[in-house]
2 protein chains.
Amino acid sequence: MAKRGIKDVAERAGVAVGTVSRVLNEHPSVTPEVRARVKAVIHELGYRPDPFARSMRSKVSRLIGIVIPDLTNPFFAELVQCAERAAADRGHNVIFMTSFDDAAKEADRLAQLAGRKVDGIIIVPCNSPHAIKAPKGLPLITVDRVLPHHPGVAADHRGGARVAVDYLAKLGHRRIACIAGPSGSRPADDRLQGYLDVMRTLPAPKGVKIEPLFVNAAFDYESGRTAGTFLLARPRAERPTAIFASSDQQAIGCLRAANDLGIPIPAGLSVVGFDGIPLSNLITPRLTTIVQPMAQIANAAVSSLLGLRELPKAGKPSLFQCELVVRESSTEPVLEPAASASR
Amino acid sequence: MAKRGIKDVAERAGVAVGTVSRVLNEHPSVTPEVRARVKAVIHELGYRPDPFARSMRSKVSRLIGIVIPDLTNPFFAELVQCAERAAADRGHNVIFMTSFDDAAKEADRLAQLAGRKVDGIIIVPCNSPHAIKAPKGLPLITVDRVLPHHPGVAADHRGGARVAVDYLAKLGHRRIACIAGPSGSRPADDRLQGYLDVMRTLPAPKGVKIEPLFVNAAFDYESGRTAGTFLLARPRAERPTAIFASSDQQAIGCLRAANDLGIPIPAGLSVVGFDGIPLSNLITPRLTTIVQPMAQIANAAVSSLLGLRELPKAGKPSLFQCELVVRESSTEPVLEPAASASR
DNA sequence: TGTCCATTTGGAAACGGTTCATCACTATAT
DNA sequence: ATATAGTGATGAACCGTTTCCAAATGGACA
């Protein structure tokens with residue numbers, strides 16, 4: 001079983017190598033008859049074109065790069081999985097890299113990918129304020145954390161947050177607090193804006209003033225717990241009856257904080273998260289959350305990269321609607337016995 | 001800024017292309033002086049060799065493939081992250097693929113990787129009983145779920161389980177139950193064996209018979225909860241005082257089951273998990289667990305693949321010690337008031 | 001019948017490196 | 001002084017495709 005090359009195929013089929021190449025690339029100018037014969041031989045010999053030789057000449061690698069800050073974040077893990085599937089569906093493979101949320105490493109990874117001559121790059125930029133320098137001529141698209149100077153695709157964070165807070169408001173909640181994400185992160189800021197949007201328009205019952213109450217925190221569990229503890233550490237009459245968290249992980253941390261303080265969920269506190277990670281449906285109580293359409297987002301990113309769809313303009317990311325999934329962590333607020341019977 | 005080729009470098013440095021190539025590949029037979037000059041020019045021109053041209057001739061791609069069943073499993077996510085880092089440290093990049101735990105897809109992915117001419121493949125085989133057909137001549141190593149006919153590296157599942165159960169026994173527990181993994185899965189079976197190993201040698205106090213009690217379940221949260229509910233649904237005097245779960249996810253599910261039944265943790269029940277996923281340290285109570293040395297495992301897999309270390313023989317996987325991390329979900333059993341005062 | 005154009009096919013150059021057989025030049029042995 | 005071995009650099013062949021140009025074929029039209 002010697003190595004099969006395009007020459008062997010050509011010889012066996014009685015045609016020139018150029019012709020075989022044309023068959024391989026579905027070039028129109030080949031007689032159906034010849035095409036069939038060549039294909040038969042290819043199949044018979046089990047011939048597979050060498051991707052290196054192919055890429056070297058054609059400048060197309062059928063490879064795309066994906067760079068994310070941290071794979072232990074389940075949200076990114078899901079993104080990577082969806083992106084790989086989307087790429088595979090289009091005949092591309094994925095080179096995966098982690099930036100460990102470090103701008104220097106990120107730049108290095110980008111350079112490596114450029115060196116590999118990938119056809120495009122999907123990146124979730126790391127959080128430190130920095131400009132990512134896209135190797136020019138190489139399509140690059142940011143996901144989730146969209147940057148002003150690059151095309152991006154993301155969930156409609158602001159709209160999603162509005163839906164969440166609006167839902168709480170419609171249930172009757174008025175003292176709705178927010179665990180915001182890290183200030184400076186685009187998704188975090190957008191979600192906070194969505195929260196503020198709704199809070200501003202909320203009708204105040206009988207002269208009671210409604211004020212937004214939020215605290216910034218990292219997106220992880222522990223920060224969520226700290227933030228939750230802080231928000232819930234006030235007299236009952238002032239304590240929020242509902243909390244909108246900017247991530248499921250924060251929400252879960254917040255649930256823990258409430259638990260530690262002896263506040264029952266959802267009777268004493270409604271909590272809504274954001275992201276829709278698998279875990280959100282597996283904890284007790286199951287978390288009401290805003291789920292992001294990951295598959296859609298990943299699909300859009302890949303299609304744009306491969307030119308199957310127009311690349312969104314830098315600064316005008318394409319946004320995808322999120323969906324509210326109501327589960328067990330939220331309900332109507334309990335009527336307070338004799339409002340503000342201040343002891 | 002025209003394209004820089006090896007020729008430009010050669011010309012500018014006043015040497016032949018062959019010499020530049022040897023400098024690039026750290027070939028010994030180059031005068032330090034010439035080497036320095038060439039390197040200077042390379043740096044000056046910002047020259048980067050084209051990986052395709054390079055691979056085409058040398059048959060080395062500096063690419064390794066990794067195939068896992070499901071990235072939303074945090075354990076695999078961590079594995080991928082560690083593997084990518086290990087590969088990057090050695091100048092290699094990683095092509096990531098998901099098999100969705102489907103043997104047919106897995107075979108397809110393997111074929112794709114072979115076609116890509118990767119230097120090696122790391123795979124966590126999917127669970128369905130099947131033989132994975134390694135493209136011959138291509139180093140392949142199984143991780144975690146080691147298969148009889150392929151080299152593998154994994155945690156010492158059996159030993160780890162022994163440590164866990166031994167720890168519970170030393171605390172004084174005697175009615176120790178086990179949530180085993182899916183029967184047929186190698187890690188699951190090994191962990192169960194470890195459990196049985198210890199149970200068999202346990203000294204029975206005053207004539208009480210000690211019997212192993214286990215139930216098979218999938219590795220996920222929900223299955224853990226179901227199994228936990230089952231194990232705990234018996235009269236107090238017969239109910240396990242400790243449960244060893246084969247995965248952290250099962251353990252967390254089990255915690256939920258205990259919670260639903262009103263059993264306090266750890267006072268009424270000690271729970272020990274397996275894996276050491278990040279989440280295990282973030283729930284309430286924090287989970288006592290056996291953590292796998294992922295970084296070590298990933299490193300070993302990559303090194304073996306790249307020939308930096310001997311490939312373990314098929315059937316004789318190299319095993320890595322796990323470590324017991326005691327946290328809040330385990331403690332001594334409470335003395336039972338008047339043993340079996342059967343009401 | 002001769003011309004012209006369109007359609008297929010053949011053949012070779014090109015892609016950008018690596019590798020290998022050779023050669024030039026020293027340093028050492030005879 | 002001459003033969004010999006050893007070292008470092010050279011230049012061309014080569015890897016397996018794609019792509020471009022030219023040639024062959026055949027049909028339409030004047």
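Only a predicted model underlies this, so the values are computations on that prediction, with no experimental measurement involved. Below, all heavy atoms of this structure are taken into account, side chains as well, without hydrogens, waters or symmetry copies. The chains referred to below are lettered A, B, ... by the order of the sequence lines, with proteins before strands, and numbering in each begins at 1.
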Note the angle between the end axes of the helix from C/dT1-D/dA30 to C/dT30-D/dA1, five pairs defining each, rounded to 10 degrees. 50°
Here the gap from A/Glu106 atom CD to A/Arg109 atom CZ, rounded to the nearest 0.5 Å, amounts to 10.0 Å
Please give, in whole Å, the distance from [N] [atom2] to [X] [atom1]?
{"X": "A/Glu33", "N": "C/dT8", "atom1": "CD", "atom2": "P", "answer": "12 Å"}
{"X": "A/Arg37", "N": "C/dT8", "atom1": "CZ", "atom2": "P", "answer": "15 Å"}
{"X": "B/Asn25", "N": "C/dG17", "atom1": "CG", "atom2": "C1'", "answer": "9 Å"}
{"X": "B/Ile6", "N": "C/dC15", "atom1": "CD1", "atom2": "C1'", "answer": "13 Å"}
{"X": "B/Asp8", "N": "C/dG16", "atom1": "CG", "atom2": "P", "answer": "10 Å"}
{"X": "A/Lys117", "N": "C/dC15", "atom1": "NZ", "atom2": "P", "answer": "13 Å"}

Indicate, with a heavy-atom threshold strictly under 4.0 Å, whether B/Lys7 touches base, sugar-phosphate, or nothing. nothing
According to side chain to side chain donor-acceptor pair (under 3.5 Å), who are the partners of B/His149, at least two apart in sequence or on a separate chain? none
Please tell me whether [X] and [Y] have a donor and an acceptor in their side chains that are separated by less than 3.5 angstrom.
{"X": "A/Asp70", "Y": "B/Gln81", "value": "yes"}
{"X": "B/Asn127", "Y": "B/Arg186", "value": "no"}
{"X": "A/Ser55", "Y": "A/Arg62", "value": "no"}

Sort and list the pairs that fulfil salt bridge (Lys or Arg N to Asp or Glu O under 4.0 Å) and have at least one residue in residues 309-318 of chain B, not counting sequence neighbours. B/Glu310-B/Lys313
Evaluate whether atom [atom1] of [X] has more than 12 neighbouring non-hydrogen atoms of other residues, nucleotides or ligands under 6.0 angstrom away.
{"X": "A/Lys59", "atom1": "NZ", "answer": "yes"}
{"X": "B/Arg48", "atom1": "CZ", "answer": "no"}
{"X": "A/Glu44", "atom1": "CD", "answer": "yes"}

Mind checking which nucleotides bracket the chain B contacts on DNA chain D, 5' to 3', with an atom under 4.0 Å from a heavy atom? D/dG8 to D/dG16
Charged N to carboxylate O below 4.0 Å: is that the case for [X] and [Y]?
{"X": "B/Asp50", "Y": "A/Lys117", "result": "yes"}
{"X": "B/Asp89", "Y": "B/Arg85", "result": "no"}
{"X": "A/Glu26", "Y": "A/Arg35", "result": "yes"}

Look only at the side chain of A/Ser99 and the backbone of A/Asp101, and say whether a donor-acceptor pair between them is shorter than 3.5 Å. yes
So, is B/Arg54 close to the C/dT18 phosphate, meaning a side-chain N or O under 4.0 Å from OP1 or OP2? yes
Whichever of B/Arg57 and B/Pro28 has the more 5' nearest nucleotide on DNA chain D, that residue is B/Pro28
Of B/Pro32 and B/Ala53, whose closest DNA chain D nucleotide lies nearer the 5' terminus? B/Pro32
N/O to N/O distances under 3.5 Å, protein versus nucleotides 9-11 of chain C:
| residue | atom | partner | partner atom | Å |
| --- | --- | --- | --- | --- |
| C/dT9 | OP1 | A/Thr31 | OG1 | 2.9 |
| C/dT9 | OP2 | A/Thr31 | N | 3.1 |
| C/dT9 | OP2 | A/Thr31 | OG1 | 3.4 |
| C/dG10 | OP2 | A/Ala16 | N | 3.0 |
| C/dG10 | OP2 | A/Thr19 | OG1 | 2.9 |
| C/dG10 | N7 | A/Arg22 | NH2 | 3.2 |
| C/dG10 | O6 | A/Arg22 | NH2 | 3.2 |

Of the residues in residues 39-52 of chain B, which ones touch DNA chain D at a heavy-atom distance under 4.0 Å? none
For the residue pair A/Val15 and A/Val38, establish whether any side-chain heavy-atom pair is separated by less than 4.5 Å. yes
